Amino acid sequence: MRFVLAFAFLSMALIGAAHAAACAPPRLLNSVPMSLVHDGGMAVVSASLDGRPVQFQLDTGSIFSQVSRTPAEALHLTGLEIPRGQFDIAGRFSREAARITTFTLGGMEATGFYARLAPNPDFSPEPPFDGILATDMMARYDVDLDFGHYRLNYFEPEACQGGNAYWAPNTLAVLLIPALPGRAYVDVMLDGRKISALLDTGSEHSMMNPALARELFGLGEGAPGTTPGEVISDGATAKADFHTFSSLSLGAVRLTDIPVAIVRDAKTARDGEIHISRAIPERFDLSKLLPGLTLGMDALRQTHLYISFRNQRVYVSAADDGNGSAPAGGAPNKLTVWQFGYEPLHPFVRY
């Protein structure tokens, strides 16, 4: 009997050890400092592109990494026309890409891939970034945005749920995201309304689709309780009407007094009519392209975000909740750039 009990305890210990090993925190692959610029509305990291130093804006709302026109010319990048173009929120259209020989971000390096060429940011003659670091450089990893300590961390994908909430916050929300490659949509509550929202660090402001604003809240251009202004996303500006919502909840994490830009719909300049086409440069209908709700940096910089694209979940806490100490990293690693296979079939707008 003693042998049987001892064997049973040994088996349980081995199973427990195997489970612990399977659920061990994933390995840290890369950690780089990030800066919050333009009054905290843009998260920027230093990198090098073909051997030259560049500043790239972090953009969890776009799936294509991009280089602005002027830096691309300085780097002597050659633009190649691609089948599908893209709009930005200002309605500017671009359809070129350039081959990047080497891109280095901290201890990670990507070689021989294509990045989109995009119009120069229109909000400043000297913008604080040269390009966009999008989710094609994140989707193969767990990406940790520690806004409380200004760090961008890359981890191996976690083996089990909760395996890498390393900062041990008192309040942690676990939010599911759909199987849509490179885009993190989560369900949130905005003033008591459940809405699917895109997590978009590339947008300075949280934004709402004008159609949804009218439908759920009766808000439109010039409505009582709104203030006219401009919204900035990926360096492009658009007219908007701002309304402050009292409560935004991401699971158990609650933010208060969130200003949301209700973007004014855009019409074709040629004839004043709204069109649905997403491939012809002079035809642009913003409300057909924008998500219902986009959570921008005005909201996200108040949080600590850990996005596990492969496991389709996001961990969220308040930015100052927890110890914030990421585990030690290892040797330099290759940065895999995922060229999204469904690109030719899917229309995109830079949010």
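Along the sequence shown, the residues carry numbers beginning at 1. Please read all numbers here as calculations on a predicted model, not as lab measurements.
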Would you please test Tyr306 and His304 for ring pair (Phe, Tyr, Trp, His ring centres under 6.0 Å) and show each step? CA-CA 7 Å; Tyr306 184 99; His304 187 142; 7.9 Å; no
Arg183 side, atom CZ; Thr60 side, atom OG1 - distance, nearest 0.5 Å: 9.5 Å
Under 3.5 Å side-chain donor-acceptor pair for Ser65 and Asp136: yes
Do we see a donor-acceptor contact under 3.5 Å between the side chains of Asp257 and Thr244? no
Heavy-atom side-chain proximity of Thr104 to Leu49 below 4.5 angstrom: no
Would you say Thr78 and Arg99 are linked by a side-chain donor-acceptor pair, where the criterion is simply a distance under 3.5 Å? no
Heavy-atom distance under 4.5 Å between the side chains of Asp144 and Tyr166, does that happen here? yes
Grouping I, L, V, M, F, W and Y whenever their side-chain heavy atoms are under 4.5 Å apart, do Leu117 and Tyr114 come out in a common cluster? no
Without hydrogens or angle criteria, can the side chains of Thr102 and Glu109 be said to hold a donor-acceptor pair below 3.5 Å? no
Can Asn120 and Thr70 be said to form a side chain to side chain donor-acceptor pair (under 3.5 Å), step by step? CA-CA 7 Å; Asn120 289 326; Thr70 297; 2.8 Å; yes
Crowded around Phe242 CZ? As in, over 12 foreign heavy atoms under 6.0 Å? yes
Donor-acceptor pair between Asn311 and Ser308 side chains, under 3.5 angstrom: yes
Taking it one step at a time, do Glu156 and Arg310 satisfy salt bridge (Lys or Arg N to Asp or Glu O under 4.0 Å)? CA-CA 10 Å; Glu156 291 179 335; Arg310 181 176 296 181; over 6 Å; no
Plane angle bin for Tyr141 and Tyr154 - parallel if under 30°, tilted between 30 and 60°, otherwise perpendicular: perpendicular
Cation-pi check for Phe147 against Arg301: NZ or CZ below 6.0 Å from the six-membered ring centre and within 45 degrees of the axis, yes or no? no
For the residue pair Thr237 and Val231, establish whether any side-chain heavy-atom pair is separated by less than 4.5 Å. no
Do Phe129 and Pro121 make a side-chain contact, defined as non-hydrogen atoms from C-beta onward lying under 4.5 Å apart? yes
Salt bridge (Lys or Arg N to Asp or Glu O under 4.0 Å) between Glu230 and Lys239: does it pass, once the steps are laid out? CA-CA 5 Å; Glu230 286 188 335; Lys239 299 294 184 182; 3.4 Å; yes
For the residue pair Asp191 / Ser247, report whether a side-chain donor-acceptor contact shorter than 3.5 Å exists. no
How far does CG of Leu248 sit from CG of Leu293, to the nearest 0.5 angstrom? 7.5 Å
Just checking, is any N or O donor in the side chain of Ser31 or Asn153 under 3.5 Å from an acceptor N or O on the other one? yes
Please determine which of Ile307, Val143, Ile63 meets the side-chain contact (heavy atoms from CB on, under 4.5 Å) test together with Thr135. Ile63
